[in-house]
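Just below is one structure, and these are the notes that go with it.
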Amino acid sequence: MALRRVLGLAEAVGRRGCCSKRPLPPGLLEALRDVAGSPNVSTAAAVCQQHGHDESMHRCAPPDAVVWPQDVAQVQELAALCHRHRVPMVPFGTGTGLEGGVNAVQGGVCFDLSRMAAISELSLEDFSVAVEPGVTRKALNSHLRGTGLWFPVDPGADASLCGMAATGASGTNAVRYGTMRPNVLNLRVVLPDGSLLHTAGPGRHARKSAAGYDLTSLFVGSEGTLGFLTQATLRLHPLPEAVAATVCSFPSVQAAVACTVQVLQAAVPVARIELLDEVMVGACSRYSRLELPEAATLFLELHGSQQGLAEQQQQAEELVRLHGGSIPAWARAQEEREQLWSARHSAWFAALALRPGCQGYSTDVCVPISRLPGVVVETQRDLRDSGLTGPMVGHVGDGNFHCILVFRPEDTDEAQRVHDFAERLGRRALAAGGTCTGEHGVGLGKRALLREELGPQGLDTMRRIKAALDPHHLMNPGKVL
């Protein structure tokens with residue numbers, strides 16, 4: 001009960017069930033089975049529990065039923081049934097979200113779209129491909145092996161690509177290749193009433209368009225509140241000829257962030273530039289069995305031609321040394337690079353290992369690059385003053401960073417300090433002209449901060465859009481707004 005009150009995380013923390021507001025209407029389950037087939041509809045408690053949470057700390061809120069559509073026509077029929085009966089609908093991909101985006105806080109029917117896993121419309125000449133919700137980023141890149149192309153947006157988890165579009169995901173490669181938003185060319189969406197929308201028009205995959213409202217961008221980041229993303233047409237990128245990665249140590253976080261800013265200002269075409277503070281580096285080094293100095297660190301990766309890479313390496317080394325940093329040899333072999341990035345991607349588990357038996361709570365803010373050094377240093381000071389364990393890691397090339405807060409939820413004082421810190425961090429980002437979330441999304445946990453970020457007019461406009469597309473508020477209710 002203490003953490004429920006302190007963090008306000010959907011009333012409780014943990015994975016205990018909760019009841020829907022009203023039972024499913026008589027006959028709806030049979031109607032769902034008629035469409036999807038009996039094996040593809042479940043009301044089993046364990047199945048509903050599994051679909052009632054993501055990787056966040058928000059209280060498990062299971063749906064009343066889970067359905068597995070096999071194709072877009074079934075999604076349309078199932079959505080029309082739920083719409084007719086005014087039953088809430090919650091999209092579910094891989095459940096790797098971090099803000100409670102799949103929690104069925106009003107019960108209803110969860111649409112698990114993982115069995116729709118077609119990859120189609122691959123055009124090597126146009127650098128585009130269409131994927132259904134069951135396709136993860138690793139599965140797509142495996143499918144592309146040998147083509148000379150890849151999809152670079154990498155949030156760490158092997159998430160569903162449609163789920164990544166729904167949350168506006170980002171990741172380590174965003175500084176060079178962008179977030180999901182510019183990499184989605186078209187979306188096939190089933191609206192709440194079962195009707196079908198192609199946001200850029202059926203079959204279209206142009207690189208740009210000035211034709212009317214940008215419906216694709218409207219649905220990217222909508223977090224399942226406007227419709228089901230049943231196919232995403234994605235922009236692909238050529239694989240770089242050469243890749244080099246290294247780890248740079250600095251005397252302070254401020255020096256590392258200042259170096260990041262200058263690397264970007266000098267137009268060094270970095271593909272990845274990731275910050276780990278000294279606590280996070282120590283945790284990752286022990287967890288992944290690397291021998292890294294426990295100092296503020298940048299993980300740096302360059303992509304380019306063989307000739308161009310040498311020049312980029314020289315530029316980067318000069319800037320690192322200018323800020324008091326040390327830089328070891330560059331890793332060019334794939335195995336060496338994968339070892340480094342595996343350590344970075346294991347940061348969550350490495351942080352939890354700092355305090356065995358505790359729970360983690362991951363924050364996510366983004367600020368303009370010019371404000372990044374001051375905000376990061378102030379945040380680090382705030383962590384120390386609060387007496388919290390919160391190693392810091394971030395995609396600092398975009399101004400986006402996270403604190404992984406590790407604490408004992410039964411300790412009400414510590415939980416209160418976590419809550420207070422998270423609120424201060426969100427407001428610190430807003431005061432710096434930034435946003436309360438750069439990639440995790442709003443979900444359940446950041447609705448109050450979203451109100452502060454957008455202001456009354458912005459939020460009212462969002463509500464009008466929601467009401468136009470989902471007047472009965474059936475799509476993923478309780479999220480974002």
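Scope of the values below: all heavy atoms of this structure, side chains included, with no hydrogens, waters or symmetry mates. The first residue of the sequence shown is numbered 1, and numbering continues consecutively from there. In this text, all values refer to a predicted model and were calculated from it rather than measured experimentally.
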For a quick test of your reading: what N or O donor-acceptor pairs under 3.5 Å do the side chains of residues 243-270 make, sequence neighbours left out?
unit_1	atom_1	unit_2	atom_2	d
Ser252	OG	Ala255	N	3.1
Thr260	OG1	Ala256	O	3.0

Say whether, by atom type as modelled, one donor and one acceptor occur between the side chain of Asn476 and the main chain of Val102 under 3.5 angstrom. no

Closer than 3.5 angstrom, by distance alone: can the side chain of Thr461 be matched with the main-chain N or O of Gln457 as a donor-acceptor pair? yes

Salt bridge between Lys446 and Glu223, side-chain N to carboxylate O under 4.0 Å? no

Is the side chain of Arg428 donor-acceptor paired with the backbone N or O of Val375 at a distance under 3.5 Å, no angle test? no

Can you tell me if Ser288 uses its side chain to pair, donor with acceptor, with the backbone of Leu290 under 3.5 Å? no

Without hydrogens or angle criteria, can the side chains of Arg344 and Thr172 be said to hold a donor-acceptor pair below 3.5 Å? no

I would like to know whether Leu292 and Leu276 meet side chain to side chain contact (heavy atoms under 4.5 Å, CB included); could you show each step before the answer? CA-CA 11 Å; Leu292 300 175; Leu276 286 75; over 6 Å; no

Would you say the side-chain atoms of Glu274 and Trp341 include a donor-acceptor pair closer than 3.5 Å? no

Could you state the interatomic distance from CD (Gln313) to CD1 (Ile327), rounded to the nearest 0.5 Å? 8.0 Å

Could you check whether Arg176 pairs with Glu301 (Lys NZ or Arg NE/NH1/NH2 to Asp/Glu carboxylate O, under 4.0 Å)? no

Would you confirm whether Ser123, through its side chain, and Ser128, through its main-chain N or O, come within 3.5 Å as a donor-acceptor pair? no

Polar contact flag, side-chain donor to acceptor under 3.5 angstrom, Trp348-Glu55: no

To the nearest 0.5 Å, tell me how far Leu481 CG sits from Leu450 CG. 7.0 Å

Output yes when a side-chain donor or acceptor of Asp54 lies under 3.5 Å from a complementary backbone atom of Ser56, and no otherwise. yes

On a heavy-atom basis, the closest approach of Ala432 and Val367 is CB-CG1, 4.2 Å

Under a 3.5 Å cutoff, is there a donor and acceptor pairing between the side chains of Thr199 and Thr216? yes

Arg355 atom CZ, neighbour heavy-atom count above 12 within 6.0 Å: yes

Under 3.5 Å, side chain of Asn186 to main-chain N/O of Ala200, donor-acceptor pair present? yes

Grab the two heavy atoms, one from Leu444 and one from Gly478, that are nearest each other, plus how far apart they are. CD2-O, 3.5 Å

Partner of Asn173 by side-chain hydrogen bond (donor to acceptor under 3.5 Å, both in side chains), out of Arg272, His303, His395: Arg272

To the nearest 0.5 angstrom, please state how far the OG atom of Ser217 sits from the CG atom of Leu187. 9.0 Å

Is it the case that more than 12 heavy atoms not belonging to Arg145 sit under 6.0 Å from its CZ atom? no

Shortest non-hydrogen separation from Val153 to Gly178 and the atoms involved: CG2-O, 3.7 Å

The reported gap from CZ in Phe421 to CG in Leu388 (rounded to nearest 0.5 angstrom) is 7.0 Å

Does Ala343 offer a backbone N or O that forms a donor-acceptor pair with the side chain of Ser346 under 3.5 Å? no

Arg424 and Ser386 side chains, donor-acceptor separation under 3.5 Å: yes

Within the side chain of Asp364, is there an N or O that forms a donor-acceptor pair under 3.5 Å with the backbone of Gly438? yes

Heavy-atom nearest pair, Arg235 first then Pro182, reads NE-O, 3.2 Å

Any chance you could measure Met180, atom CE, to Met164, atom CE, to the nearest 0.5 Å? 4.5 Å

Using distance alone, with no hydrogens and no angle criterion, decide if Glu453 and Thr435 have a side-chain donor and acceptor under 3.5 Å apart. yes

Please work out which of the three classes, parallel, tilted or perpendicular, describes the rings of His237 and Tyr177, given edges at 30° and 60°. perpendicular

Any donor-acceptor pair under 3.5 Å from Thr230 side chain to Arg188 backbone: yes

Mark yes when over 12 heavy atoms from residues, nucleotides or ligands other than Glu452 sit less than 6.0 Å from its CD; otherwise mark no. yes

Between Ser362 and His440, the two heavy atoms sitting closest are OG-CE1, 3.4 Å

Atom CG in Asp277, atom SG in Cys403: separation rounded to 0.5 Å? 8.0 Å

Residues Ile369 and Pro373: closest non-hydrogen pair is O-CD, 3.6 Å

